[in-house]
Amino acid sequence: MKVNKTLLAIAAAVAASSNAFNVQAQSLSLPTCQSATSDPDGDGYGWENRSSCRVASVEIDAAINPATANSSNLNQPVFFCQSAASDSDGDGFGWENNRSCVVAVDSGDLLPGAVEFRATCQSADSDPDGDGFGWENNQTCEVAGGTAQENSVNSQITSICNSSASDPDGDGFGWENNQTCVVSTDLGTDDDGTGSGFIPRNICTFASSDPDGDGFGWENNATCIVNSSSVDDGGEPPPEENFPAENSAAENIAEEDNAFIALSPSGVLASGTPTFQWRALANAEMYTLAVADSAGNGYAFDIDPLTAGCAAGGTCSATPDLAYYDNDLTWRVKTTVAGTEGPETQRVSITTPQNINVQPVKSGQCEAWPSVAYDNFIVLNNSWNSRAMHSSDWTQKIFVHEDTLGNVTPTWTYDWLGQFDGGEIDVKAYPEVLYGPKLGTHISGTKEETGLPELVRDLPEFVVDYSYTETGNAERNVALESFFHDSCNIAGPCDEVDNRAYEMMIWVENPSIRTPGQLALTGVMVDNRLWNVYIKPNSNKHYIAFTAQNSQPSGTINWNRFVEWTAAWTAENAEDLGIDVLSPEFCMGAIEFGTEMWWGEGSFTLNQFDVSFSR
C-alpha cells in the first residue's frame with residue numbers, strides 16, 4: 001500500500017459549493033483554549049482536557065476556508081486526519097504528527113472541487129526503503145518518479161515515528177497515530193542476512209491489531225506480523241475483556257515464533273483449580289499469574305521460570321491451589337524483568353464451574369459475593385447489608401496473594417463513604433476469611449480437614465493464631481465469630497432453611513463509637529485476657545459478643561474457652577437476662593475472621609490466620 005489516508009487540500013471551488021464541508025462553522029463551536037501552548041503548530045487549534053479547542057484571537061478562516069482566503073494562503077492545505085481515531089471527542093478535529101487535522105471522508109468520496117494533496121519530497125534520502133514515499137516536515141511526501149514496492153514488507157511502512165518511545169521493544173518499528181511507523185532508517189538485517197530490514201518474529205493474535213492494514217500490528221508491547229493465523233475479529237480493535245477462545249490461533253503459534261501470550265484455559269472451566277499455560281518470555285525472572293473479576297477481586301500467584309517448567313523457554317504452566325469463584329473472570333500473566341515490572345500477556349476470559357460446593361451466594365436477598373479459596377480457607381467479599389447505604393458509590397474488594405514460598409496473604413480494601421451516607425448504626429458488610437462451613441454454599445473443607453461442623457459437646461480443641469495490619473480511617477471493628485446451628489446440616493439466610501441458632505463474636509479491636517449491644521459484664525477473664533461482654537436481649541436473644549479491653553492486632557485464641565464460658569454463663573443467667581442459651585446440642589459452623597464495616601475507607605491485610613484442631 002502507498003499511504004493509508006492521503007493528505008487533502010480544498011480548492012477554492014469547494015467553498016463555493018452549497019454542499020461543501022463547512023469546517024469553519026464547526027470550528028466556531030469549539031471551546032476556547034486556556035493556553036496558547038495547546039497549539040504547538042500554530043494553526044489556531046489546540047487539545048485540552050481530552051477535547052479540541054480554539055485558540056483565542058487567532059484568525060482561523062484563511063487557514064481552513066479557502067472562500068475567505070487571500071491569494072497568499074489560497075494554496076494552504078487543510079490536513080485531513082489519517083485515522084478517525086485521532087478525533088476521540090468526535091468534534092471533527094484530531095491530532096496527528098504534531099499538528100491539528102480534520103476528520104473527513106475518504107478520497108473516493110471527496111466533495112466537489114476537492115483535490116488530492118501530497119507534497120513532493122525535497123530529497124530522495126527521505127525515502128530510505130525506496131517505496132516512492134518519504135517523510136519530510138512531519139508529513140508524507142512523494143519522491144519524484146518513485147514507484148511503490150507493494151510486495152516488500154518494509155515498503156508497507158509509510159510513517160516515520162516522531163519518538164523512539166513508540167518502539168519499546170527496540171525492533172525498529174513503532175506505533176503512533178493508529179498506524180505502524182519506522183523509528184529510524186537503520187533497520188538492521190533479516191535472519192537471512194539480506195539486509196532488507198528487520199522483520200518482527202511475533203505473529204499477531206488478532207488481525208484487528210493492524211488497523212491501518214500495513215501487515216504489522218501491536219500486541220503485548222511488541223510489533224507483530226498479521227498472517228493467516230491471526231484471528232479475524234471483524235476488523236474492530238479487541239476490547240481488553242475480549243480474548244482468544246480455547247484452541248484459538250494463539251495456541252497454534254509455532255514454537256519458533258516465541259510470542260509471549262497466554263494459552264489456556266479459556267471458556268468454562270472443568271475445575272476450580274485449572275492448570276494455566278502461557279508462552280515463556282526470555283529473561284523473565286518471575287511470573288505472576290493474576291485472576292480477577294471486572295471489579296478487581298481476585299488472586300495473584302507468583303512462580304519462577306524453573307518451577308513453571310520454562311526456564312529454557314517453551315510453554316510455562318502452573319496449577320495454583322488458589323481458586324476464585326465469581327463466574328465470569330479473566331486471567332493474565334505479568335512478569336518481572338531485571339527487577340522491575342516487565343511485559344504481560346493478553347487477558348483471557350474464563351468462567352468458573354457451577355458443580356462444586358464453593359460458589360457465590362445468589363439466592364434469596366443475598367448478593368453474589370466473590371470468593372477466593374486457598375488451603376482450608378475462603379476469603380469472602382461479604383457485603384451482606386450494603387442496602388443500608390443511601391447510594392451505590394461504595395466499594396469493597398478482596399484480593400489474595402501467594403508468594404513463591406507458599407505464603408498466602410488475604411487483603412481487602414473498602415470505601416463505605418461518610419458517617420451519614422448510610423444508616424449510621426447499621427453494619428454494612430463483613431469482608432472475611434472463613435474456616436469450615438458457612439451457609440450451605442461456602443464450605444472451605446471437609447469435616448476431616450477442618451474438624452467442622454461439630455456439636456458443641458463434642459468439639460475438638462480449636463486454636464487460632466492471627467496477626468493483621470491496616471490503613472485508613474474508618475468506623476469498623478476486627479472480629480472473629482462462629483454461628484451455631486440447630487443441626488449439623490449447616491444453612492443460613494441464603495439457603496432454603498436458615499437453621500442458625502446462636503452467634504458468638506470476639507472483637508479483638510473495637511471501633512471508636514459503635515458497641516455490640518447492651519453491656520452485661522466488664523473485666524471478664526477468658527483465655528487469660530480481659531474482656532467486656534455484650535448481649536442483645538431486646539433485638540437478638542441468641543447473640544453474645546466479647547470485646548477486648550485492649551486492642552490485640554496479633555495473638556492466639558483458644559476458641560473452646562469462649563464457647564465453654566458462653567454455654568455455662570447463658571445456662572445460668574439466660575432467664576434473668578432475657579436471652580437464649582448456647583446449647584451443647586447446637587452444631588458449630590465456621591470460625592470466621594473479618595471486619596464489620598460502618599463507614600470510612602482503608603485497607604486490611606490478614607498476615608496470619610491459622611486454625612488447628614485436636615481431639
Side-chain angles (χ1 to χ4, degrees), residues 299 301-302 320-322 371-380 382 398-412 430-438 442-454 456 458-471 476-484 503-510 524-532 544-566 588-596 603-615:
Y299 70 77
F301 176 77
D302 291 342
D321 291 332
L322 297 166
S371 58
V372 181
Y374 69 95
D375 299 333
N376 290 319
F377 300 88
I378 295 176
V379 186
L380 187 62
N382 181 343
I398 59 169
F399 204 82
V400 176
H401 183 266
E402 181 174 357
D403 64 21
T404 55
L405 299 178
N407 300 312
V408 179
T409 306
T411 299
W412 48 85
Y430 182 63
E432 60 175 307
V433 180
L434 63 91
Y435 171 90
K438 176 184 176 71
H442 291 88
I443 303 170
S444 73
T446 65
K447 183 174 180 178
E448 290 72 22
E449 294 169 328
T450 65
L452 295 169
E454 186 59 274
V456 170
D458 295 329
L459 279 180
E461 285 287 331
F462 286 100
V463 178
V464 178
D465 293 296
Y466 72 91
S467 69
Y468 62 86
T469 54
E470 56 192 328
T471 65
R476 56 107 191 89
N477 63 18
V478 180
L480 297 87
E481 75 168 347
S482 281
F483 282 99
F484 299 83
E503 179 182 8
M504 183 187 77
M505 298 196 75
I506 302 174
W507 293 18
V508 294
E509 183 175 329
N510 305 316
V524 174
M525 181 68 71
V526 181
D527 196 23
N528 297 318
R529 293 180 181 175
L530 291 175
W531 307 84
N532 296 334
I544 191 170
F546 299 84
T547 64
Q549 290 196 341
N550 297 293
S551 296
Q552 301 168 351
S554 64
T556 298
I557 295 177
N558 292 282
W559 199 254
N560 296 59
R561 304 294 82 79
F562 293 87
V563 176
E564 294 164 353
W565 190 97
T566 300
M588 192 176 92
I591 298 175
E592 308 171 42
F593 195 117
T595 56
E596 288 187 305
S603 67
F604 182 88
T605 300
L606 190 53
N607 300 305
Q608 180 187 19
F609 180 41
D610 297 323
V611 181
S612 61
F613 69 95
S614 60
R615 294 188 182 275

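Scope of the values below: all heavy atoms of this structure, side chains included, with no hydrogens, waters or symmetry mates.
Nearest heavy-atom pair across W507 and A479 is CD1-CB, 3.5 Å. Taking all atoms of both residues into account, the shortest heavy-atom contact from G436 to S444 is N-OG, 2.6 Å. Smallest separation of non-hydrogen atoms from R615 and G451: NH2-O, 4.0 Å. Taking every heavy atom of both residues into account, F609 and F377 meet most closely at O-CZ, 3.4 Å. A pairwise comparison of heavy atoms in L452 and Y435 identifies CD1-O, 3.9 Å as the closest pair. What you find for T556 and Y466 is that their closest heavy atoms are N-CE2, 4.3 Å.
Between I398 and L380, the closest side-chain pair of non-hydrogen atoms is not below 4.5 Å. The side-chain heavy atoms of R561 and E461, taken from C-beta on, include a pair separated by under 4.5 Å. Looking at heavy atoms from C-beta onward, W559 lies in side-chain contact with M504 at the 4.5 angstrom threshold. Put simply, the side chain of N510 does not reach to within 4.5 Å of the side chain of N477, judged on heavy atoms. Contact of the N382 side chain with the L434 side chain is not registered, since no non-hydrogen atoms from C-beta on lie closer than 4.5 Å. At least one side-chain heavy atom of V478 sits under 4.5 Å from a side-chain heavy atom of F604. Between P460 and E454, the closest side-chain pair of non-hydrogen atoms falls below 4.5 Å. The closest side-chain heavy-atom distance from P553 to V508 is not below 4.5 Å.
F562 is linked by a ring pair (Phe, Tyr, Trp, His ring centres under 6.0 Å) to W531, F546, counting only residues two or more places apart in sequence or in another chain.
No side-chain donor-acceptor contact under 3.5 Å links E481 and Y430.
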Subject >> L606/Y468 under side chain to side chain contact (heavy atoms under 4.5 Å, CB included): CA gap, chis, key distance, verdict >> reply: CA-CA 5 Å; L606 190 53; Y468 62 86; 4.2 Å; yes
Subject >> Derivation of the side chain to side chain contact (heavy atoms under 4.5 Å, CB included) call for L459 and F613 >> reply: CA-CA 9 Å; L459 279 180; F613 69 95; over 6 Å; no
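If you take NE2 on H442 and CD1 on I378, they are separated by 6.0 Å, rounding to the nearest 0.5 Å. For the atom pair K438 NZ and I443 CD1, the distance stands at 13.0 Å (nearest 0.5 Å). The CD atom of E448 sits 11.0 Å away from atom CG of N376, with the distance rounded to the nearest 0.5 Å. Separating the CH2 atom in W412 from the CZ atom in F399 is a distance of 14.5 Å, to the nearest 0.5 Å. Rounded to the nearest 0.5 angstrom, Y299 OH and E402 CD are separated by 9.5 Å. With values rounded to the nearest 0.5 angstrom, F483 atom CZ is found 12.5 Å from M588 atom CE.
Exactly one of N407, T605, D302 qualifies for a side chain to side chain donor-acceptor pair (under 3.5 Å) with H401. That residue is D302.
Applying the 6.0 Å contact sphere to CG of D465 captures more than 12 heavy atoms from other residues, nucleotides or ligands. Heavy atoms of other residues, nucleotides or ligands lying less than 6.0 angstrom from CG of N550 number 12 at most.
Listed for the S371 side chain is no donor-acceptor partner under 3.5 Å among the backbone atoms of V379.
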